[in-house]
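Every chain is numbered from 1 and lettered A, B, ... according to where its sequence line falls, protein lines coming before strand lines. No experiment lies behind these values; they were computed from the predicted model shown.
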2 protein chains.
Amino acid sequence: MSASPLFEKHKDTLEKAIAASRSREYWTAYPEMPSPKVYGEDANKNGEVAFKGYLNKAFDLDLPGASGTVGGEKSPYGFDLGVTYPKVDVDQLVSAVEAARKDWGRADVDTRAGICLEILDRVNKRSFEMAYAVMHTTGQGFMMAFQAGGPHAQDRGLEAIAYAYEDMKRTPAMAHWVKPQGKRDPLVMDKKFTIVPRGIGLVIGCSTFPTWNSYPGLFADLVTGNGVIVKPHPGAVLPLAITVKIAREVLKEEGFDPNVITLAVDDAAAPITKELALRPEVKLIDFTGSSAFGNWLEENAKQAQVYTEKAGVNCIVIDSTDNFRGMIGNIAFTLSLYSGQMCTTPQNIFIPEGGIETDEGHKSFDEVAEAIAKGVEKFNSDDERAAAVLGAIQSDATMQRLEKYAAGDNVLLAPRAVPMKGFDNARIRTPLILRATDDSSYTEELFGPISFVVSTKDTDDSLKTVEASVKNHGAISFGIYSTSDEVLAKAEEVACEAGVAVSFNLTGGVFVNQTAAFSDFHATGANPAANAALSDTAYVSNRYRVVQSRWHPKG
Amino acid sequence: MSASPLFEKHKDTLEKAIAASRSREYWTAYPEMPSPKVYGEDANKNGEVAFKGYLNKAFDLDLPGASGTVGGEKSPYGFDLGVTYPKVDVDQLVSAVEAARKDWGRADVDTRAGICLEILDRVNKRSFEMAYAVMHTTGQGFMMAFQAGGPHAQDRGLEAIAYAYEDMKRTPAMAHWVKPQGKRDPLVMDKKFTIVPRGIGLVIGCSTFPTWNSYPGLFADLVTGNGVIVKPHPGAVLPLAITVKIAREVLKEEGFDPNVITLAVDDAAAPITKELALRPEVKLIDFTGSSAFGNWLEENAKQAQVYTEKAGVNCIVIDSTDNFRGMIGNIAFTLSLYSGQMCTTPQNIFIPEGGIETDEGHKSFDEVAEAIAKGVEKFNSDDERAAAVLGAIQSDATMQRLEKYAAGDNVLLAPRAVPMKGFDNARIRTPLILRATDDSSYTEELFGPISFVVSTKDTDDSLKTVEASVKNHGAISFGIYSTSDEVLAKAEEVACEAGVAVSFNLTGGVFVNQTAAFSDFHATGANPAANAALSDTAYVSNRYRVVQSRWHPKG
């Protein structure tokens with residue numbers, strides 16, 4: 001097709017991304033280490049300066065239908081961001097996007113892919129600035145905010161572009177069709193296939209992973225030619241505002257109306273998500289958040305394709321281990337990381353009531369439960385390290401939930417407030433570990449640093465419970481520890497039957513709550529926790545349609 | 001993966017099908033000519049004998065939960081088929097499919113593809129038998145029943161298999177993941193990706209194209225590992241009963257429970273489709289039929305992915321032509337073929353009130369309208385040829401509709417009853433052509449041989465009307481005649497905006513109501529006539545999910 005300079009610039013990255021998504025071997029486009037060697041000597045300093053430059057003023061974004069401002073983000077590290085954003089009129093915003101998207105939808109696929117890749121490249125160069133923005137909206141520790149909010153999110157965006165690009169290119173732009181007719185002249189037709197976008201894509205962000213969970217839908221919509229309205233969570237606007245601003249700059253430079261992508265910020269006092277979601281122009285919705293709202297979208301936004309990631313209850317099954325210490329260490333890190341505020345953090349740990357066999361001999365149920373509690377306690381014993389891994393509690397609701405459950409009489413490990421240098425008001429807590437008392441105590445999602453150890457009759461019982469739990473309540477991750485190949489095979493069967501990814505015997509530097517772009521699918525789309533996976537063909541291929549023209553070529 | 005002999009046998013066909021769906025050049029796997037050279041000297045005779053062998057007895061199919069019989073098919077050529085089918089208990093049927101599908105879902109993709117291709121191959125070999133079965137349920141003429149009911153339907157089934165196979169194979173079965181860790185040892189994981197089917201696929205057939213419209217969903221479900229319940233229209237059971245029987249034979253031979261695919265026949269007195277559609281085990285539904293029922297499925301069968309092809313109002317716009325005679329001939333055939341009982345038959349023909357320019361000079365609106373009416377009349381003037389092309393009217397409803405509209409005072413060409421040798425009671429009618437009186441007269445789908453010529457201010461007005469019509473009422477086909485590249489470009493814009501395929505200036509042996517597998521998409525999935533296209537990635541990729549297992553390989 002057309003030779004787009006930005007496409008040429010980033011073509012190699014795109015090709016490697018496609019190859020990686022097919023081999024599913026290790027690959028990444030955006031370096032995850034916040035290293036001066038990669039990002040520049042002054043990158044960290046400049047990023048912090050840029051972040052501080054946003055505080056206590058109006059975010060500079062010229063949006064259609066803007067009048068007045070909105071914004072009330074609070075850093076979980078204990079201060080108000082004081083950033084305000086344009087408050088938009090939904091009618092005017094939708095009209096402007098609707099007008100802007102036409103040219104964008106008509107641009108050829110390579111041009112759009114080149115622009116999307118340039119946006120990601122510029123977002124990547126500003127990963128430190130993004131890290132501070134993510135840290136002080138989500139509460140993630142700095143390293144995690146850098147990685148999950150920066151390069152890992154960018155990789156997930158690129159992954160969605162790769163899937164969409166490959167699928168769009170599967171159909172040729174033109175075909176010459178010659179049908180033999182025996183002795184008569186053949187029937188001859190020229191056929192043209194046009195990629196036609198759906199319309200406007202609404203991307204609804206969450207408060208804990210504003211970029212990571214939004215980039216796949218955002219870039220899948222954009223590369224397939226749709227207009228995009230980003231509706232951030234009121235608690236985590238800044239990372240997406242920066243993203244949208246960069247995207248608009250690139251679009252404008254390339255001669256497109258920047259309103260191809262816009263930002264719609266609201267607050268709890270006057271929410272606009274439902275109004276946006278029901279607009280007839282909105283044909284695609286990507287949502288990460290509560291099951292209640294995700295189900296509402298699926299049931300009510302009938303004019304749109306709706307992709308949801310909702311609540312789930314993730315599980316670990318402990319059957320046996322040849323590395324007890326490694327297992328405990330791995331679980332301790334997993335439960336501590338970002339205070340369990342990941343959609344992949346395990347909540348329920350199933351252990352047979354008769355205990356387990358380990359490389360350190362038989363361990364009773366109580367010994368295993370105690371070892372997990374002690375492991376988490378010890379892992380977080382150093383305040384500085386604890387604060388860096390735990391991050392801060394994002395929402396009041398999570399904080400209140402933690403306090404409520406910590407007041408119970410089934411506490412194995414109570415949460416501890418962790419002080420952090422320079423952030424006196426940071427809301428940092430170590431995980432709460434509870435002993436399950438009855439089934440109903442642990443089967444709903446308790447988002448945040450709350451886990452249960454649950455005693456079962458035996459591992460078969462554990463697996464049965466997990467299967468029912470995943471089918472009924474959803475899950476994105478599932479881990480099992482066992483030295484028996486037979487048990488692992490059974491666990492894999494349960495995983496397939498219930499539709500959840502499974503990790504076996506994680507005792508080192510890979511954690512059940514982490515997935516790697518291009519290799520691990522995030523969610524399966526096969527249980528109530530999510531109706532789609534990041535990313536696969538199903539996630540991208542219905543964001544556009546193909547319209548065909550055909551004619552007999554002239555003489 | 002495993003070397004499946006059936007996969008090896010048909011691998012070449014599958015590879016060619018994938019290549020054709022990518023190039024979209026002419027290709028077919030199953031010869032469309034009912035030629036003794038291809039299908040054997042006795043194929044026609046044997047086919048007719050086989051068809052007659054079914055009449056007036058119970059169809060031999062051993063189904064789970066069967067007790068009693070059901071069946072009341074009538075040939076539109078004027079006789080009762082007298083075939084009865086097992087009446088199944090829905091609970092028992094669903095349980096049996098649910099049990100049978102497990103092994104099938106665990107079989108590797110190549111094994112399943114090999115079996116699906118063997119089923120198609122055997123169905124193909126019985127294309128004459130199928131032709132008689134299709135002819136005497138749908139009313140299609142013999143040639144069309146052979147082609148559309150046989151090889152073309154088989155091609156569409158193969159096409160769906162090709163898309164699904166390629167998409168499933170995009171993800172490798174295994175991956176070895178090595179993530180560098182600077183100076184430390186790399187993180188190493190082995191990852192396994194398992195294709196996990198959705199569950200049971202319900203394929204709801206229609207009365208006019210029982211095989212053509214069912215095979216894509218049926219084979220897409222099957223090859224992705226789902227169990228299948230085929231629910232034929234009570235008026236066109238036999239073609240699908242034969243198909244299911246062949247499929248069950250192949251499955252059994254290959255060591256699978258034949259209940260992987262079953263048949264659920266009902267009648268108007270005790271319909272079971274809604275009950276089946278709402279079963280929690282049914283995760284996929286393919287439906288062709290009325291908008292009312294399609295919309296009901298989309299709104300109520302929330303546990304399932306629902307793929308629908310519903311009603312539409314197809315349009316032709318006449319702007320100008322350099323081949324008036326060719327145009328009239330093409331339209332005459334198009335309106336006559338199977339008495340307009342195709343979801344792609346044009347209903348409304350828009351002509352500027354001021355007439356059009358042609359190679360035969362200026363023609364007034366009335367002259368063009370008259371030429372179309374005369375063209376259709378002349379085309380059907382020979383009874384034998386007319387009967388062969390028109391076929392018979394499938395349903396009482398279509399017949400009544402035809403009679404009702406023929407009684408109006410805006411008739412341009414009245415329908416004529418056509419006699420057919422050997423079938424004294426055949427219900428054969430030439431098309432009715434009406435002059436549109438007001439907008440409301442032609443905007444709803446009037447299924448069957450009823451068309452309107454509609455006068456517009458000019459071609460711009462015609463195109464605007466078509467755009468609104470497609471957006472509001474849906475369409476699967478759209479044709480335009482114009483000598484102006486500018487007008488054609490505008491028509492293409494309208495097609496893209498409204499989401500409908502467009503054919504330019506068809507004056508020869510290609511007709512707007514015909515699409516060719518591997519080259520033409522059937523429906524776009526972008527307007528109310530259908531929420532999916534046959535076939536593309538979106539049509540197949542959500543019929544299964546991928547479940548991943550991962551572990552650190554042992555030292």
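When each of B:Thr194, B:Asp167, B:Asn531 is scored by its heavy-atom pairs under 4.5 Å with chain A, the top score falls to B:Asp167. Counting heavy-atom pairs closer than 4.5 Å to chain A, the top residue among B:Gly508, B:Gly509, B:Gly499, B:Ala532 is B:Gly509. Among A:Thr524, A:Asn542, A:Thr507, the residue with the largest count of heavy-atom pairs under 4.5 Å with chain B is A:Thr524. Counting heavy-atom pairs closer than 4.5 Å to chain A, the top residue among B:Arg170, B:Glu298, B:Arg198 is B:Arg170. Ranked by heavy-atom pairs under 4.5 Å with chain B, the first of A:Ser519, A:Ala495, A:Ala533 is A:Ser519. With respect to chain A, the highest number of heavy-atom pairs below 4.5 Å among B:Ser21, B:Ala498, B:Ser549 belongs to B:Ser549. Most heavy-atom pairs under 4.5 Å with chain B: of the set A:Val546, A:Leu488, A:Asp520, A:Thr171, this distinction falls to A:Asp520. Among the candidates B:Met174, B:Lys102, B:Met33, the residue making the largest number of heavy-atom pairs closer than 4.5 Å to chain A is B:Lys102. Chain B forms more heavy-atom pairs under 4.5 Å with one residue of A:Ala501, A:Ala526, A:Cys496 than with any other, namely A:Cys496. Chain B forms more heavy-atom pairs under 4.5 Å with one residue of A:Ala175, A:Gly105, A:Ser503 than with any other, namely A:Ser503.
A salt bridge links A:Arg545 and B:Asp536; the closest N-O separation between the charged side-chain nitrogens and carboxylate oxygens is under 4.0 Å.
Taking the six-membered ring where the residue is Trp, B:Trp551 and A:Phe504 present parallel rings, their angle staying beneath 30° rather than reaching 60°.
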Side-chain polar contacts of residues 177-190 of chain A - donor-acceptor pairs under 3.5 angstrom, sequence neighbours left out - could you list them?
| residue | atom | partner | partner atom | Å |
| --- | --- | --- | --- | --- |
| A:Lys179 | NZ | B:Glu32 | OE1 | 3.1 |
| A:Lys179 | NZ | B:Glu32 | OE2 | 2.9 |
| A:Asp190 | OD1 | A:His176 | ND1 | 2.6 |

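You'll find the side chain of A:Val196 stays beyond 4.5 Å of the side chain of B:Glu497, heavy atoms only. Between A:Glu492 and B:Lys192, the closest side-chain pair of non-hydrogen atoms falls below 4.5 Å. Taking the side chain as every heavy atom from C-beta outward, A:Glu299 and B:Lys302 approach each other to under 4.5 Å. In this structure, the side chains of B:Phe521 and A:Lys191 stay at 4.5 Å or more apart for every pair of heavy atoms. A heavy-atom distance below 4.5 Å is not found between the side chains of B:Thr515 and A:Gln548.
Summarising the geometry of A:Pro172 relative to B:Ser23, their closest heavy-atom pair is CG-O, 3.6 Å, with the distance given to 0.1 Å.
Remark: B:Gln514 pairs with no residue by the side-chain hydrogen bond (donor to acceptor under 3.5 Å, both in side chains) rule, at least two apart or across chains.
Neither the backbone nor the side chain of A:Lys283 comes within contact range of chain B; no heavy atoms are under 4.5 Å apart. Proximity to chain B (any heavy atom under 4.5 Å) is restricted, for A:Glu166, to the side chain, taken from C-beta onward. For a residue to count as touching a neighbouring chain, one of its non-hydrogen atoms must lie under 4.5 Å from one of that chain's; by this rule B:Ala491 does not touch chain A. Only the backbone of B:Asn505 comes within contact range of chain A, with heavy atoms under 4.5 Å apart. For A:Val500, the part lying near chain B is the backbone, with the side chain staying farther off; criterion is any non-hydrogen pair under 4.5 Å. Neither the backbone nor the side chain of A:Thr28 comes within contact range of chain B; no heavy atom of the residue lies under 4.5 Å from a heavy atom of that chain. Using a 4.5 Å cut-off between heavy atoms, A:Ile18 contacts chain B through both its backbone and its side chain. Only the side chain of B:Phe193 comes within contact range of chain A, judged by heavy atoms closer than 4.5 Å. Of the atoms belonging to A:Arg106, it is side-chain heavy atoms, and not backbone ones, that fall under 4.5 Å from chain B.
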